[in-house]
Enquirer: 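For reference, the structure I am asking about is given below.
Just so we're on the same page: letters track the sequence lines, and every chain starts at 1.
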Amino acid sequence: MSDISPEERTSKNFLEEIVEKDLADGRHTTILTRFPPEPNGYLHIGHAKSISVNFGLADTYGGATNLRFDDTNPITESVEYVENIKRDVQWLGYQWKEELYASDYFENLFGFAVQLIRDGLAYVDDSTSEEIAALKGTPTSPGSNSPYRSRTPEENEDLFRKMRAGEFPDGSRILRAKIDMASPNMLMRDPVIYRIKHAHHHRTGDAWCIYPTYDFAHGQSDAIEKITHSICTLEFLSHRELYDWFIEKLGLFPSKQYEFARLNLSYTIMSKRKLLQLVNEGVVDGWDDPRLPTISGLRRRGYTPLAIRDFCARIGVAKRDNLIDMSLLEFCAREDLNKISLRRMVVLDPVKVVITNWPEGKVEMLESENNPEDPATGNRDIPFGGELYIERDDFMEDAPKKFFRLSPGNSVRLKSAYIITCDDFSKDEDGNITEIRCTYYPDSRSGSDTSGIKAKGTLHWVSVPHAVEVEVRQYDRLFRVMDPAAEEGDFLDYINPESLTVIEKAMAEPALLHDARESSAVTGSISDGTGPHYQFMRKGYYFPDVSSGPDKLVYNQTVALRDTWAKVNK
RNA sequence: UGCCCGGUCGUCUAAUGGCAGGACAGCGGGUUUUGGUCCCGUAUGUGGGGGUUCGAAUCCUCCCCGGGCAACCA
């Protein structure tokens, strides 16, 4: 499986250079990476970058990647998250070598802690968290030693075993590594490595009431698995010193940690805490709300795994902070969707056109391509008649020269049908157009046009008596500002109130209903997340929502088509 | 104002002492029965000063700017 990098990549990122050097030097003969999510939320596009980096690296150099859940904090973690994370990784198209859990190593980790205690490198501290914080110092001033720091190894081991046995309440004691309270690196100032939490764990149940911290679990888990390259994001950089310290003092396999800059995307947020807040407070519809940058949200919205992987390949991997333009993600979506989506005509904001010279009651079936980018998808039939819907903004009473759609006296091509000329129209008392009257040219039929008439514009349309009412959900950016996380105050104040617009009655060509019936007959559901992806012509790419069914068709706008007219118009 | 990391087109990302290149976004044009796709063209960048060198985005130095670090979160 080679990844979808559209431009021939001739240069390597810094991680690839490190791996190549390690392979060349004989430091490793093969590489093993890991993707280590904490099951306390859903995966987002930032995780997709991490997944792409870890699995991609292993793939490039013939190694493998473990999926390891970093489940050391039972309070916030759950099986639901585990299951959805696995689903998302698989959906993206990656296959892990082993499915593992930090909690698989709780017994090993306990042993490592005892080893440190016996070596005089860890001690039980009875201080309160406030006292510990006070003695920790600050980044600009050193800390000082805890009064419990000089306990004997015997006393420490006894107390630690009693901690495990459940003899002490939460928060009453902790186990700390004995390193250096004056270290310029705050993490080296006797970090907490075990804490008491009488909490039920989603995998180990009630077997434990003490749990290792991230720092004490992660590196050792890497070492146990013999991970060669442990890749994480920049905020863990200062943890590396500690990571190495534990591995050295415990004499374990020398896994090495490397850090890259996490993904930031414009007009959205990537913090799991904030995403959880949006979900819990009902600002959005759930973790898979199509406005969210979660993998499940993107999937529901109609993004494809290919588009997301292409995006990850294009953004690169480096160590500087970044804020990627959302338009790049949208570009990747369009690029894939253009190739695979079925073209259909849907009028989102209908206005009626009457063709005055059309034979009364006549219905003609016209053929149109399913996808001009892929002739193998064949054609479909579309009914045409004397009453049609067109898009309201495809008509202008007083049109400027550059407007090559419909206006009085002007002609347009109806896609895959006839050329029509607008003769007349009616308005209501508020000035809204209520009906447009046109004549058509019988010899201008698509594919056999002998009329010689040239129409500048082509419009999409739907026959009134055959129109299928569908619901269409249009999306805009979730936030009004480029970088919500960087703004002052509550990030909720920057939510875009118009991020979702529901069009309850859009008018669709009947093929959409036929597709839905066919697909539901096959899978039992028209939206099992595998498609079909549509292009509603001249509008955008759309994907059936999970709530869609043959009785009520609902479509999410994945991304709009590029619209150069909208730009000119501004 | 301590330690650590980082600063290349608007946004990302290459160039590893030898012509600053690519992508997205932008702009201009061509093709088109989707104002889509496709094709062609075009503008824009090495944070600043000093130094080393025949030659510096790259090495040294000072400064400036951004980020991280004081959870019993990960």
Enquirer: It should be established whether A:R562 places a side-chain nitrogen or oxygen under 4.0 Å from OP1 or OP2 of nucleotide B:U37.
Expert: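 For B:U37, OP1/OP2 do have a side-chain N/O of A:R562 under 4.0 Å.
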Enquirer: Going by ring centres under 5.5 Å and near-parallel planes (under 30°), is A:Y214 stacked on B:A74?
Expert: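 Aromatic stack with B:A74 absent for A:Y214.
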Enquirer: Provide the Watson-Crick or G-U wobble partner of B:G26, both distances under 3.5 Å; none if there is no partner.
Expert: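 With both distances under 3.5 Å, B:G26 matches B:U42.
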Enquirer: Do the ring planes of A:W461 and A:F384 sit parallel (below 30°), tilted (30 to 60°) or perpendicular (above 60°)?
Expert: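 If you compare the ring of A:W461 with that of A:F384, the planes turn out perpendicular.
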Enquirer: Identify which nucleotide among B:C5, B:C12, B:G36 has an atom closest to any side-chain atom of A:L237, counting heavy atoms from C-beta outward.
Expert: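 Within the option list, the nearest is B:C5.
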Enquirer: Do any side-chain nitrogens or oxygens of A:R334 fall under 4.0 Å of OP1 or OP2 in B:U34?
Expert: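 No, because none of the side-chain N or O atoms of A:R334 sits under 4.0 Å from OP1 or OP2 of B:U34.
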Enquirer: Short question: side chain of A:R392, backbone of A:D349 - any donor-acceptor pair under 3.5 Å?
Expert: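 Judged by distance alone, no pair lies under 3.5 Å.
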Enquirer: Decide yes or no, distance alone: a donor-acceptor N/O pair under 3.5 angstrom between the base of B:U33 and the side-chain of A:S446.
Expert: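 Indeed, a donor on one side and an acceptor on the other fall under 3.5 Å apart.
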Enquirer: Could you please name the option among B:A25, B:C12, B:C72 that lies closest to any side-chain atom of A:S129?
Expert: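 Of all the options, the side chain of A:S129 is nearest to B:C72.
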Enquirer: If you check every side-chain atom of A:D321, which of B:G36, B:G67, B:A14 has the closest atom?
Expert: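 For the A:D321 side chain, the nearest candidate turns out to be B:G67.
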Enquirer: Quick one: is A:T72 getting a side-chain N or O under 4.0 Å of the B:A74 phosphate, OP1 or OP2?
Expert: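 Checking A:T72 against B:A74: at least one side-chain N or O falls below 4.0 Å of OP1 or OP2.
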Enquirer: Assign A:K402 to base, sugar-phosphate, or nothing according to its heavy-atom contacts below 4.0 angstrom with the strands shown.
Expert: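 Contact class for A:K402: base.
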Enquirer: Which is more 5' along RNA chain B, the nucleotide nearest A:Q535 or the one nearest A:N322? Just name the residue.
Expert: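 Mapping each residue to its closest nucleotide by heavy atoms, the 5'-most match is A:N322.
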Enquirer: Paired with B:G6 by Watson-Crick or G-U wobble geometry, both distances under 3.5 Å: which nucleotide is it?
Expert: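 With both distances under 3.5 Å, B:G6 matches B:C65.
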Enquirer: With the side chain of A:K319 defined as its heavy atoms from C-beta on, choose the nearest nucleotide among B:G36, B:A15, B:G6.
Expert: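 The answer is B:G6, which lies nearest to the side chain.
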Enquirer: Quick one: does NZ or CZ of A:R344 land under 6.0 Å from the six-membered ring centre of A:Y534, within 45 degrees of the ring axis?
Expert: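 Ring-cation test returns no.
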Enquirer: Once the angle between the rings of A:F479 and A:F491 is folded into 0 to 90°, is it parallel (under 30°), tilted (30 to 60°) or perpendicular (over 60°)?
Expert: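 Correct class here is tilted.
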Enquirer: Does A:N322 offer a backbone N or O that forms a donor-acceptor pair with the side chain of A:N264 under 3.5 Å?
Expert: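 Yes: the side chain of A:N264 pairs with the backbone of A:N322.
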Enquirer: So, does the side chain of A:R413 form a donor-acceptor pair with the base of B:U33 at under 3.5 Å?
Expert: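 Side chain to base: pair present.
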Enquirer: Measure up the A:F160 and A:F110 rings against each other and bin them: parallel (under 30°), tilted (30 to 60°), perpendicular (over 60°).
Expert: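 Ring orientation, 0 to 90° scale: parallel.
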Enquirer: Rounded to the nearest 0.5 Å, what separation is found between the NE2 atom of A:H460 and the NZ atom of A:K415?
Expert: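 Here the interatomic distance stands at 12.5 Å.
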Enquirer: Out of B:C69, B:G35, B:U34, which nucleotide sits closest to the side chain of A:S238?
Expert: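 So the nucleotide nearest the side chain must be B:C69.
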Enquirer: Rounded to whole angstrom, note down the C1' distance from B:G26 over to B:G66.
Expert: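 Per the computed distance, 26 Å lies between those C1' atoms.
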Enquirer: Counting side-chain heavy atoms from CB outward, which of B:G36, B:G35, B:G10 is closest to A:E373?
Expert: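 Side chain of A:E373 sits closest to B:G36.
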Enquirer: How long is the gap from CG on A:D321 to CG on A:L263, to the nearest 0.5 Å?
Expert: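 Nearest 0.5 Å value for the CG-CG distance: 12.0 Å.
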Enquirer: Give one of base, sugar-phosphate or nothing for A:L323, where a contact means two heavy atoms less than 4.0 Å apart.
Expert: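 If one applies the 4.0 Å heavy-atom cut-off, A:L323 turns out to touch the sugar-phosphate alone, with no base involved.
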Enquirer: Heavy atoms only, 4.0 Å cut-off, all strands: where does A:E17 land among base, sugar-phosphate and nothing?
Expert: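 Answer is base: heavy atoms of A:E17 come under 4.0 Å of a base.
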Enquirer: With a cut-off of less than 4.0 Å, is there a side-chain N or O of A:K415 near OP1 or OP2 of B:G35?
Expert: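 Indeed not, no polar side-chain atom of A:K415 lies that close.
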Enquirer: Which is true for A:F404 with a 4.0 Å heavy-atom rule: it touches a base, it touches only sugar-phosphate, or it touches nothing?
Expert: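 Contact class for A:F404: base.
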Enquirer: Counting only side-chain N and O atoms of A:K136, is one of them less than 4.0 Å from OP1 or OP2 of B:A71?
Expert: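 Checking A:K136 against B:A71: no side-chain N or O falls below 4.0 Å of OP1 or OP2.
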Enquirer: May I ask you to evaluate whether A:T213 reaches the phosphate of B:A71, defined as a side-chain N or O under 4.0 Å from OP1 or OP2?
Expert: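 Indeed not, no polar side-chain atom of A:T213 lies that close.
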Enquirer: Using the C1' atom in both, what is the distance from B:U16 to B:C38, to the nearest Å?
Expert: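 That atom pair is separated by 37 Å.
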Enquirer: For the side chain of A:F331, starting at C-beta, report the closest nucleotide among B:C24, B:U34, B:G35.
Expert: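 Nearest listed nucleotide: B:C24.
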Enquirer: Under a 3.5 Å limit for both distances, which nucleotide forms a Watson-Crick or G-U wobble pair with B:U34, could you say?
Expert: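 Pair assignment: B:U34 / none.
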Enquirer: Please give the distance between the P atoms of B:A71 and B:U52 as a whole number of Å.
Expert: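 Pairwise P distance, B:A71 against B:U52, rounds to 47 Å.
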Enquirer: Heavy atoms only, 4.0 Å cut-off, all strands: where does A:P37 land among base, sugar-phosphate and nothing?
Expert: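 Since no nucleic acid heavy atom lies under 4.0 Å of A:P37, the category is nothing.
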Enquirer: Considering only side-chain heavy atoms of A:L328, which listed nucleotide, B:C24, B:C69, B:C72, is closest?
Expert: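 My answer, after comparing the listed nucleotides, is B:C24.
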Enquirer: When we call it a touch if two heavy atoms are under 4.0 Å apart, what does A:R445 touch: a base, just sugar-phosphate, or nothing?
Expert: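 A:R445: base contact, heavy atoms under 4.0 Å.
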Enquirer: Could you let me know what B:G55 is paired to, Watson-Crick or G-U wobble, both distances under 3.5 Å, or none if it's on its own?
Expert: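 When the pairing criteria are applied, nothing turns out to pair with B:G55, so the answer is none.
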Enquirer: With sugar-phosphate meaning primed atoms plus P, OP1 and OP2, does A:D70 contact a base, only sugar-phosphate, or nothing at under 4.0 Å between heavy atoms?
Expert: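 Since only primed, P, OP1 and OP2 atoms lie under 4.0 Å of A:D70, the category is sugar-phosphate.
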Enquirer: To the side chain of A:E38, which of B:U13, B:A74, B:G35 is closest?
Expert: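 Nearest to the side-chain atoms of A:E38, counting from C-beta on, is B:A74.
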Enquirer: For the base of B:G67, is there a side-chain donor-acceptor partner from A:R320 under 3.5 Å away?
Expert: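 Check fails, no donor-acceptor contact within cut-off.
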Enquirer: Of the candidate nucleotides B:U34, B:C69, B:G2, which contains the atom at the shortest distance from the side chain of A:T140?
Expert: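 Nearest to the side chain of A:T140 among the choices is B:G2.
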